[in-house]
There are 2 protein chains.
Amino acid sequence: MLTQPMTTSNSFRRAPAQPVTPARVTMFENSIELMGAVMPFARGAEIYGENEPAEYLYKVIAGAVRTYTVLKDGRRQIGAFYLPGDVFGLEVDDEHAFSAEAIVDCKVMVIKRRALVALAARSGDVAHQLWTMTANELRRAQSHMLLLIKTAQERVAGFLLEMAARSPSTAVVELPMSRQDIADYLGLTIETVSRTLTLLENAAAIDVPTSRRIVLRNHAALNRLNA
Amino acid sequence: MLTQPMTTSNSFRRAPAQPVTPARVTMFENSIELMGAVMPFARGAEIYGENEPAEYLYKVIAGAVRTYTVLKDGRRQIGAFYLPGDVFGLEVDDEHAFSAEAIVDCKVMVIKRRALVALAARSGDVAHQLWTMTANELRRAQSHMLLLIKTAQERVAGFLLEMAARSPSTAVVELPMSRQDIADYLGLTIETVSRTLTLLENAAAIDVPTSRRIVLRNHAALNRLNA
DNA sequence: CGACCATTTGATATGGATCAAGCGATGTGG
DNA sequence: CCACATCGCTTGATCCATATCAAATGGTCG
């Protein structure tokens, strides 16, 4: 029984886009394929919780995932969004630092961490892949950090450009997440996100045909904002 | 010839405090010792620049280092502070993501990245260490991210607790960095940092006998703020 | 059609930024 | 040794971007 109704559009399939050498990809992907099982998660379902032992790592096959943590006062900070092809939940420690939830109905490949770490001990290539994936997360966290010190316009513009870069089309962004998710990712309120989108629309930088679809009309203008 | 006069207090020596298993430490430290040369850097000197090829990685022996990036509009964001025992400049990519500067006169061990990566390819332990160090950076970046969405009081309290945890004494923090550095680390202005410290002092949470020395009088109160 | 939920829009409040001045420690030259 | 310049820090007054509170709109599903 699913914890949430299987509703609406989970039509967010994309090609993996990891910048690694073909040889390594193949080799590593093969390892994953061998060890991983694909599991479905319903919209809103928890994939793992903060402070739970990190027994698995995960790869998004279809759908979208958010990781987050909740501060003492109830504010939620989203650490990252993961789209098809992205790996998440990779920890060196034995505990997850964030919780993970399915944003929409998802298919996620689940891989035993111990098995992969063991394999890494024998294969330099696998070890290098684990290291690279962690470093990619580090880069992502660092640029997320930079977003958080900017103005609302810069954050929203930066977010849209980031999503566009990860989308099949750099012109149209299909957002799997709600305004609240975006707000919690950017450290803003839902109202400010909404107002800023309206503002960008009025400035002819974007179109918002539906709330979950954003057309980037003027990358230059967005980049200019993205200080 | 030094780029900056050898002035004032660079009396910031601390014991390394990396949470790794003794066996691994020894093994890895030996590798480093073998490959690394200790170099002095004068206060304010650049250790490496953003976008420079990452040929080396570094370990602070004495002093303190900041990494930073400058946004288009001139704002500077400090990525991290590194104290004795900390490793920095470790990249999987071939380029540094941030610039690094000596905050005070420093002694820094410099290690050839290629040599270490090559060693990692043969030694699972070294590979694991590289991975662990990158993961530690990731943790640090993630908690830094969380700081940046908080209020000024929470950020300053969090910063002080972080510094205290890394200090030999958890009660007295000797700050190697200026208010401007702290401000750029916390995403605040120098004025707000100063005001907040005064506020915490008035609230009897801390003492500020000199501007670079902070006495934590009430950890509980600081923790409470650190939402 | 009507209820519900997400999003947008409007009005007001506020925390931190900005602009500006004062203060204290450190170092310099007379 | 003292007067003065400099620099880092603190304090004060005002402004503004974003949060907060509140209401209207719109899309979705029963």
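The basis for the numbers below is simple: all heavy atoms, side chains too, and nothing from hydrogens, waters or symmetry mates.
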Checklist entry - When the distance from CG of L197(B) to C1' of dC9(D) is rounded to whole Å, what number comes out? => result 10 Å
Checklist entry - For R179(B) and dG24(C), what is the distance between atoms CZ and P respectively, to the nearest whole Å? => result 16 Å
Checklist entry - Side-chain N or O of R212(B) less than 4.0 angstrom from OP1 or OP2 on dG8(D)? => result no
Checklist entry - Do Y82(A) and F88(A) have ring centroids that are under 6.0 Å from one another? => result yes
Checklist entry - What nucleic acid atoms does S178(A) come within less than 4.0 Å of, heavy atoms only: base, sugar-phosphate, or nothing? => result sugar-phosphate
Checklist outcome for this item: Residue set satisfying side-chain hydrogen bond (donor to acceptor under 3.5 Å, both in side chains) with Q180(B), at least two apart, ordered chain then number -> D184(B)
Item to check | Separation of dT18(D) P from L199(A) CG (nearest whole Å) | outcome: 10 Å
Item to check | Test salt bridge (Lys or Arg N to Asp or Glu O under 4.0 Å) applied to R66(A) - qualifying residues, sequence neighbours left out | outcome: E101(A), D181(A)
Checklist outcome for this item: Taken to the nearest whole Å, CE/M177(B) to C1'/dC9(D) is 16 Å
Next on the checklist: For a quick check of understanding: with a heavy-atom distance under 4.0 Å over all strands, which category does T198(A) fall into, base, sugar-phosphate or nothing?
Outcome noted: sugar-phosphate
Checklist entry - How many Å lie between CG on D184(B) and C1' on dG8(D), as a whole number? => result 14 Å
Item to check | Interatomic distance, R75(A) CZ vs dA19(D) C1' [rounded to whole Å] | outcome: 12 Å
Item to check | SB check D94(A) R113(A) (cutoff 4.0 Å) | outcome: yes
Checklist entry - Reading nucleotides 15-22 of chain C from the 5' end, what letters show protein touch, with B for base, S for backbone sugar-phosphate only, - for no heavy atom under 4.0 Å? => result -SSBB---
Next on the checklist: As a test of understanding, state which of I61(B), V108(B), V60(B) forms a side chain to side chain contact (heavy atoms under 4.5 Å, CB included) with P84(B).
Outcome noted: V60(B)
Checklist entry - Q180(A) CD to dT7(C) C1': how many Å, rounded? => result 11 Å
Checklist entry - To the nearest 0.5 Å, how far apart are CE in M177(B) and CZ in F81(B)? => result 4.0 Å
Checklist entry - If you measure from CG on L197(A) to CG on L160(A), what distance do you get to the nearest 0.5 Å? => result 6.0 Å
Checklist entry - Reckon S211(B) touches a base, only the sugar-phosphate, or nothing at all at heavy-atom distances under 4.0 Å? => result sugar-phosphate
Next on the checklist: Rounded to whole Å, how long is the line connecting atom CZ of R43(B) with atom P of dT26(C)?
Outcome noted: 13 Å
